[in-house]
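Working notes, structure below.
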Amino acid sequence: MQETLLEVKNLVTEFRTADGTVQAVRDVSFSVKKGEMLCIVGESGCGKSITSLSVMGLLPNNGRIANGEIRLEDTPIHELNYEQMRKLRGMKMSMIFQEPMTALNPVLTVGFQLREPLMLHLKLSKSEATKKGIELLKKVGIPYPEKRINQYPHELSGGMRQRVMIAIALACNPGLLIADEPTTALDVTIQAQILDLIKDLKDNLNMGVVFITHDMGVVAEIADKVMVMYAGKKVEEGPVQDIFDNPKHPYTIGLLNSVPNVDDPNFVLEPIQGSLPSLTETIHGCRFHERCAWATEKCKQTVPPETEVSKGHMVSCWLVEEEVENGEYAG
Ligand code: SF4
């Protein structure tokens, strides 16, 4: 049995804004095992990036973890201070972002940025760190690494910059990698290469990966487990096969129906009507009820509980809860 690497329990993340305090993540729990890829999916603004920034301790100044626990192996990282978190980042957990140009420093060479974590965390000398940096560039498939290590980010293509980001993230062999939409800014061919690379690294290094995306096609390619978020809440979670073969939450079903199917000439795209509510809006009951075709009075008044419909497949929806409760659930 795989060991649990990351455990998040009842996470609540809030922000101070001019309109008062808003909750961007509401009572979210999940776990990731070593060698497992969890994909967090949902529309922009659903709380998936804030969840990952909460884990990394990288919330902006007006944000804070208001409740819950985050454990990395046995360490309660929600209790660590800035300095303790800084030591952990890069060493035990790393993050790659959507746009490498904003994450890489444009005035420093690739080599400088690769050497930094190696010299800081592993205490390597400059020449040892350069040697290791070249190995890392090779590992992520960068040709002529001896030449590339002396170049600046603007001298590399978008795909190569993303590979450099991955090399930096992997420098100290972290157990956990968080990837926040790392392929969104790349063209389709490069996207496929980067997805394959992350998948291979996860398998070969037994890393736990949290992969954030809004693209269900990407999820189908790489996920072991999927967590669907809507307006700051987890609405469904389960093994990837269950989520695609037997989605239960109306929002998950809507997300899957809005993925274009180029192989089926009769396929009709069915976008989810309406838009995500604002974080400042007070919503009673199920947070999806304004967009849900099956919403009842109960949905508008009471938050649905989380129901386990099969092993590890959890859904927060009154329809599903009532089917299970009444013994009508067909699986
Ligand atoms: Fe729709 Fe009600 Fe289920 Fe929410 S609880 S998703 S409103 S049926």
Rounded to the nearest 0.5 Å, what separation is found between the [atom1] atom of [X] and the [atom2] atom of [Y]?
X	Y	atom1	atom2	value
Leu6	Ser31	CG	OG	8.0 Å
Met95	Asp180	CE	CG	4.5 Å
Thr13	Gln23	OG1	CD	9.0 Å
Arg115	Leu108	CZ	CG	10.0 Å

Is the closest side-chain heavy-atom distance between Thr130 and Lys132 below 4.5 Å?
-> no
Any heavy-atom pair between the side chains of Val235 and Met229 that's under 4.5 Å?
no
Can you say whether the rings of Tyr251 and His249 are parallel (under 30°), tilted (30 to 60°) or perpendicular (over 60°)? perpendicular
Result for side-chain contact (heavy atoms from CB on, under 4.5 Å) between Val309 and one of Val320, Asp242, Asn246 points to Val320
Given the options Leu205, Leu5, Thr4, Leu176, Lys34 meets side-chain contact (heavy atoms from CB on, under 4.5 Å) only with Leu5
If you apply the rule side chain to side chain contact (heavy atoms under 4.5 Å, CB included), what do you find for Lys234 with Glu306, and how did you get there? CA-CA 9 Å; Lys234 173 172 81 174; Glu306 196 172 52; 2.9 Å; yes
Could you report the tightest heavy-atom contact between [X] and [Y], atom names first, then the distance?
X	Y	answer
Pro153	Asn105	CG-O, 3.6 Å
Gly312	Pro239	O-CD, 4.0 Å
Cys172	Pro117	SG-O, 3.7 Å
Leu88	Ile77	CD2-CG2, 3.3 Å
Cys46	Leu276	N-CD2, 3.8 Å

Under a 4.5 Å side-chain heavy-atom rule over Ile, Leu, Val, Met, Phe, Trp and Tyr, are [X] and [Y] clustered together?
X	Y	result
Val228	Leu319	no
Ile166	Ile190	yes
Phe112	Leu124	no

Please check if atom [atom1] in [X] has more than 12 non-hydrogen atoms from other residues, nucleotides or ligands closer than 6.0 Å.
X	atom1	answer
Glu155	CD	yes
Lys298	NZ	yes
Asn204	CG	yes

The side chain to side chain donor-acceptor pair (under 3.5 Å) partner of His313 among Glu308, Lys248, Glu236, Lys225 is Glu236
*side chain to side chain contact (heavy atoms under 4.5 Å, CB included) evaluation trace for Glu14 with Arg64*: CA-CA 6 Å; Glu14 56 184 35; Arg64 69 174 191 117; 2.9 Å; yes
Using a 3.5 Å distance criterion without hydrogens, assess whether the side chain of [X] forms a donor-acceptor pair with backbone atoms of [Y].
X	Y	answer
Thr213	Asp215	yes
Trp318	Thr302	yes
Glu322	Cys317	no
Arg89	Gly57	yes
Gln84	Asn81	yes
Arg71	Glu7	no

Could you pull out every donor-acceptor pair under 3.5 Å between side chains of residues 192-200 and any protein atom, sequence neighbours left out?
from	atom 1	to	atom 2	distance (Å)
Gln193	OE1	Arg163	NH2	3.0
Lys199	NZ	Glu221	O	3.3

For the residue pair Ser125 / Glu128, report whether a side-chain donor-acceptor contact shorter than 3.5 Å exists. yes
- Item | Evaluation steps, side chain to side chain contact (heavy atoms under 4.5 Å, CB included), between Ile70 and Leu11 | CA-CA 8 Å; Ile70 306 173; Leu11 176 69; 4.1 Å; yes
